Structure formats: structure tokens, C-alpha cells
Amino acid sequence: MSKRRVLITSALPYINGIKHLGNLVGSMLTADVFARFQRARGVETLFICATDEHGSTTELAALEAGQDVVTFCAEQHAAQADVCRRFGLSWNHFGRSSNRPNHELTQHFARQLWKNGHLEIRSTKQVYSNADGRFLPDRYVIGTCPHCGYPSARGDQCENCTRVLDPADLIAPRSAISGSSDLEIRDSTHLFLKQSQFVPQLREWIASHKNDWPLLVTSIANKWLDEGLHDRGITRDVEWGVPVPDDIGDGQLKGKVFYVWFDAPIEYIGATWEWAEANNRGNEWKSWWFGEEARDVAYFQFMGKDNIPFHTVGFPVTVMGSDEPWKLVDQLKGFNYINYYGGKFSTSQKRGVFMDTALEILPADYWRYYLIANAPEGSDSNFTWEHFAGVVNKDLADVLGNFVNRITRFCASRFDGRVPGEGAYGEDEHALIAELGKRVPACAELFERAEFRKAAAELRAIWVAGNEYLTHAAPWTTIKTDRDRAAASVRLGLNLVHIFSHLAWPVIPAMARQIHETIQPLGDRVTIPWPSGSLDEELDQLEAGQPIRSPQVLFAKITDEQIMEWTARFGGTET
RNA sequence: GGCAGCGUAGCUCAGUGGUAGAGCAGGGGAAUCAUAAUCCCUUGGUCGGGGGUUCAAAUCCCUCCGCUGCUACCA
């Protein structure tokens, strides 16, 4: 088998503000853990993300912030890049959908679709606000619901009775931006992608992944196909977007831009191009995406469930309709949501925990471990401070942190802080080595399959096995009668600390470094590799006499006072 | 309204036809190297209700109840 390369994209975070923990775990964090794991295994890996910047929401957010949209996006991109870096997200490149490569590629795909007859021009009725001087998206038209009488129903759907609406249905419609009721319906010409033609092809493609994609993903995809795929408008009457080129439709679409959901997934490719430009790699970006050259690439996408339709239907149609050999996703990992005390995370209501505030109160690895160990894979999961503190205190502080602490301190006090060379491994040691000989490959397999909860549970089970061993071997007892026996136990204990660092690095990279530095300096190595040798070798790596560093508390425990403080600060239990 | 997912121990969740599981919490004990951490043992569930198929159902089918999400111009 030829050498495999792995391409990983996490769903693009929308430019409008810092994301919350649910957004983080559903796309960026799980993708990061997967990317780190692949790199740790020595696989050539390219991990790409970008901000999704276009559309009316951005325009209105910029308006509200009193900024022009270019400045707004530049600032927001920098802010997200910063907080994501501090969360340890290890993208090879974090691009922007507003950058030139995405403009070129989006226009290229549109031209291909046009050339191949998959686009058509249709006249649509759009709401125009004279006071605002712009077309309004449906949801920015507000009025009274014709079904239930709710006075603030949005033009796309009534929040009160949940019925789907058309803005023209609303009684006494007004602009959500200015409140003006000086609205009119205008004709507007748009491009439609004839998605319905692709239904058989999509069905076949999705059916081929019935066994390797999560049920969540295939069921959402099939639902869209079963309900009849509508042709979809791929242009909008807004300013901020990729312009439709004049050669499509003989200039009938002048002034229009592509719909943000058309250009956003293309930015996966665009950001790869940006990566190549930023790293002087010329056309190498294309080898990850196009034709024969990309045959050795396995492509993984990570996203929350709200993104699934666009990645199983919309974007694949763009790719298929181009009639060019661009890569389709191989493994699509979709996630549910994390709820906050049973309710949704909400920016507007200030409920829940956001990436920047999370880092204000605790280091990234606390969050990374908790979120991975409780990733919403099978269903929505529920965040509470009590549960969070319980998991962090038990798993990180007591099971992992305390293990490192107890063995290193014992070594410091009784063996002069050096790896003892005396004694040979005996029955207990070989039993543990045999157990890890099963658990470590099992853990690797779970990471490989991107089953994060189970992978984290296996990681934890490995730490527990270390504690079991140490308690049973009890070098603090044996040292009284058999110093060599105790020395062998301590030597294995230190080797365990060392391997724990290697195994935990994809999930908790900063702490893994710190743990490794306790035993051995890392220098400027960025990746801490996954153990590749037999466990016999891996657990007898440290050289006798090698000094270890003075131990320190790795994970401070979360106190009841902190839980109370944070519950009050972040919105707590009221729904 | 339609569709989808979920409903398993106090809590968070595994488990898709073969004698109900894990972690946490609770109870008992051991140990004293360690952040009062660790280790061992243990209590605890008619698997949302009802009906059906089967030698056998948490698992397949029907139905009812509850929760959550999606419903295409927010992204």
C-alpha cells in the first residue's frame, strides 16, 4: 500500500464572534485531536480551517459594531485566530473565505457549473427596504404571524408556533434592521443550482458510506434526499461576498454575490491554497485535492450536525457538477450539540461558556480533556459545572496528575531523583506491560476511528492501570526489605509517566509537554509521537541514572467555591 | 404539522437477538509514595409505557408518552 496522506478540515467558524464550547467540540477540537493523533503516528497530515466571512449577517454585525465590513472581519478573524491558538488548535493554516484564492475558486466552480448546464437564471421576488436601501433576507423581515398572531414573527419562520413562513405572509411587515415598514417586493434575478439532477448520484454516494459514517450523518443526508431536493439559489443581493463574474449570464447578475453557503465549503480548498502561498509551496495545494495526485489522500471532515446538509448535499453537488476530479470527503464525522444545564448555549442570552472566557478561568487542557471525554457523539450531551469539575478533578488531578506526582516524588526522596537502574522487572511488571500491550493499540484504534469518548475512556483506563500497578507493587514497602525490587518498580513507574505523556499529547498537548519535561527535556520538538515500538521496549526506555525534574502539581482541583462563582457568572441553572 | 435522533443504575453514558455494563456518586475495607490522592470489595436498574414476532428482545415490528434537533433566505 502506498503511503497515505490525511487531509482534515473542521467546519468553518462564522466570523461573527467568539465560538462557544459546543462549536468548539463539534468541529475544531475533535478535528485537532484527530490531526495531532495522525501526526503523532507519523502520517503526513494537513489540517485546514478558516473563518467563514460572507453574507448579510456579517454586514449587519459590522453595522452594529460601527465598522466597515472589511475592518470588522479582519479584527474578528484575528480574535478567533488568537483564542484558537491559545486552545491549542494546531491548524496548518487558518484562512479566510474572503481571501483571493476562495474568490478565484468560487468563480471557477460557478463557471464550471454554468458551462455544464447545472445553473439557471430565475427571477425571484425579494423584499426591498427603501429606508435601509437594501434587500432584506427573509429572517430580517419581522411582522405578525398569520397563523398564531405572534407579533414578532420572522419572515422565515415563526418562533412562537414554529411554522415555516414566507415574508409575504406576514401581517404588518417591517425591517428588522431599521424598523421601517417602507418595504416593497422587487423582482431580482438569481442563479439556481439544479441540485435535483444530482439526487441519484448523491444517493449512491451516501449509500456507499452507510457503514463508515455515523448514523446521524447518513440519516440527515437521506432525509434531505427523501423530501425532494429543491434547486437552490446560490446568489444573494448583498454586498459582502464573492461577485458573480460577468461571463455567467451575460451580465444579468451584475452586482450579485454568491450565497455564503456556496463559497464557504470551497474555502476548504481556498485555505489550502493560502497555506501553500504562505509556505512557498507553489501548486502543492492542488495535490491534496485534485485528480491522480490526490489519490493517496484520505479526507476527513468534522462538523456539528447543523452543517451536515451542506456537506452531504450542497458542496458535493458543487464538486460533482464541476465535472472535474476534485476530492469528495471520505470520512464525515458529525457531532450533536452540547447543552448548558439542559438548554442551548446562547450568545444573545449570555448563557453558556465561550472560548475566550473559558480560558480566563482554566487552562485549555482542562477543557480539551473534558470535551473530548464527553464529546456529543451519540446524542446531545449536557454541560454542568458540577459534572465538569467532577471529571477534571477525578481524571486529571487524581488519576493522572497524582500518579505523576506520587512516583516522581518517591523517586526524588528515595532514589536521589534519578532513574534507578537496579533490579529487574518481575511478574507485576510483566502483567502491566501485557495489559498496556492490549490497551495502547485499542486506544489507537479508537482515535483512528475518531471515537473520542471511547478513546478518552481507554486513555483513562491506562492511567488507572498505572495506579493499580503502583499500589500493588508498593515500592514504599518493598524498599524496606528489597531495594532492587523497589528500584525496578520506580523505574517502571517513571517509564509509565513517560508513555502517558506520549499517549495524552493529542488530547492535552500542553500538559503532555509538562509531564514529559518532568522526565526528559523535549527541546523544540513540537509533536510528541505515539509509541511505535513494543510495550516491552516503550516501558524500558529511560536510562539508568538519568535525572528527573523536581515534581510539581500539574492539575489544581476545582473547588466548590469556584463552581459557585462560575455558576453565578455564567448563567447557572435557570433556563 | 412533517421528519430525524434520543429515552438503560442517583448522575454522565456504553451495549443492535443469547444469563443487564463502565465511570462518577453512595457503602465497607486496605495502604500511607502522593494534590485526603490511590487500590480492592460492594449497594443499586421489571433497559420510558403497552402490545407483537422469536426457543430467546435493551436490541426486530406496531403503538402511545416524553425530551431534543431539523424543516432549505441566519450561518
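Note that the structure is a prediction, hence the values are computed from the model and not measured. All chains are named by letter (A, B, ...) in the order of the sequence lines, taking the proteins before the strands, and each is independently numbered beginning at 1.
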If the P atom of B:U19 is compared with that of B:G5, how far apart are they to the nearest Å?
27 Å
Which of residues 400-407 of chain A sit near RNA chain B, with a heavy atom under 4.0 Å from it?
A:Gly401, A:Asn402, A:Asn405, A:Arg406
Select from A:His54 and A:Glu377 the residue whose nearest nucleotide in RNA chain B is closer to the 5' end of that strand.
A:Glu377
B:C73 P sits how many Å from A:Asp231 CG, rounded?
12 Å
If I pick the C1' atom on B:C61 and the same atom on B:U54, what distance separates them, to the nearest angstrom?
12 Å
Counter-base of B:G7, judged by Watson-Crick or G-U geometry with both distances under 3.5 Å
B:C65
Look at the side-chain N and O atoms of A:Tyr259 and state whether any lies under 4.0 Å from the OP1 or OP2 oxygen of B:A75.
yes
A:Lys454 side chain near B:C13 phosphate (N/O to OP1/OP2, under 4.0 Å):
no
Is a side-chain donor-acceptor pair under 3.5 Å present for A:Tyr14 with A:His54?
no
Pair assignment for B:G17, Watson-Crick or G-U wobble, requiring both distances under 3.5 Å:
none
How far does the C1' atom of B:U16 sit from the matching atom of B:C47, given to the nearest Å?
13 Å
Atom-pair distance (CZ on A:Arg483; P on B:C33), nearest Å
15 Å
Check whether any side-chain N or O of A:Lys394 sits under 4.0 Å from OP1 or OP2 of B:A37, and answer yes or no.
no
If the P atom of B:C62 is compared with that of B:C3, how far apart are they to the nearest Å?
13 Å
B:G49 to B:U43 separation - P atoms, rounded to the nearest Å:
24 Å
Of A:Leu396 and A:His190, the one whose closest nucleotide on RNA chain B sits nearer the 5' end is A:Leu396
Heavy atoms of A:Lys305 and A:Asn336 approach each other most closely as NZ-OD1, 3.1 Å
When you measure from every atom of RNA chain B, which of residues 457-466 of chain A have a heavy atom less than 4.0 Å away?
A:Arg460, A:Val464
What's A:Asp52 touching, base or sugar-phosphate or nothing? Going by heavy atoms closer than 4.0 Å.
sugar-phosphate
Using only side-chain N and O atoms of A:Arg232, determine if any of them is under 4.0 Å from OP1 or OP2 of B:A72.
no
Roughly how many Å apart are B:U59 and B:A14, using the C1' atom of each and rounding to a whole number?
14 Å
Is any side-chain nitrogen or oxygen of A:Lys305 closer than 4.0 Å to OP1 or OP2 of B:A4?
no
Using whole Å, report how far CE of A:Met303 lies from P of B:C70.
16 Å
Hey, are the side chains of A:Glu386 and A:Val391 touching, using non-hydrogen atoms and a 4.5 Å cut-off?
no
Taking NZ, NE, NH1 and NH2 as the nitrogens, is one of them in A:Arg122 or A:Glu120 under 4.0 Å from a carboxylate oxygen of the other?
yes
Would you check if A:Lys333 and A:Thr30 make a side-chain contact, meaning some heavy-atom pair closer than 4.5 Å?
no
A:Phe410 stacking on B:C33: centroids under 5.5 Å, ring planes under 30°?
no
Just to be sure I understand the rule, does A:Val553 reach a base, reach only the sugar-phosphate, or reach nothing, if contact means heavy atoms closer than 4.0 Å?
base
Length of the CG-C1' vector between A:Leu470 and B:A31, whole Å
12 Å
note: A:Ile372, atom CD1; B:G23, atom P; distance rounded to Å ~ 21 Å
Using atom P in both nucleotides, what's the gap between B:C55 and B:C13 to the nearest angstrom?
37 Å
Any donor-acceptor pair under 3.5 Å from A:Thr124 side chain to A:Ser188 backbone:
yes
Between B:G15 and B:C6, how far apart are the P atoms? Round to whole Å, please.
11 Å
Of B:G5, B:A75, B:U38, the nucleotide closest to the side chain of A:Ser219 is B:G5
Quiz question: by atom type and distance under 3.5 Å, do the side chains of A:Gln197 and A:His118 form a donor-acceptor pair?
yes
Between A:Arg96 and A:Asp52, does any NZ, NE, NH1 or NH2 come within less than 4.0 Å of an OD or OE carboxylate oxygen?
no
Calculate the interatomic distance between A:Tyr140 atom OH and B:A75 atom C1'; express it in whole Å.
9 Å
Using a 6.0 Å cut-off, check whether atom CD of A:Glu64 has over 12 heavy atoms from anything other than its own residue.
no
From the options B:A75, B:C33, B:U12, select the nucleotide whose nearest atom is closest to the side chain of A:His387.
B:U12
Is the shortest side-chain N to carboxylate O distance from A:Glu239 to A:Lys256 below 4.0 Å?
no
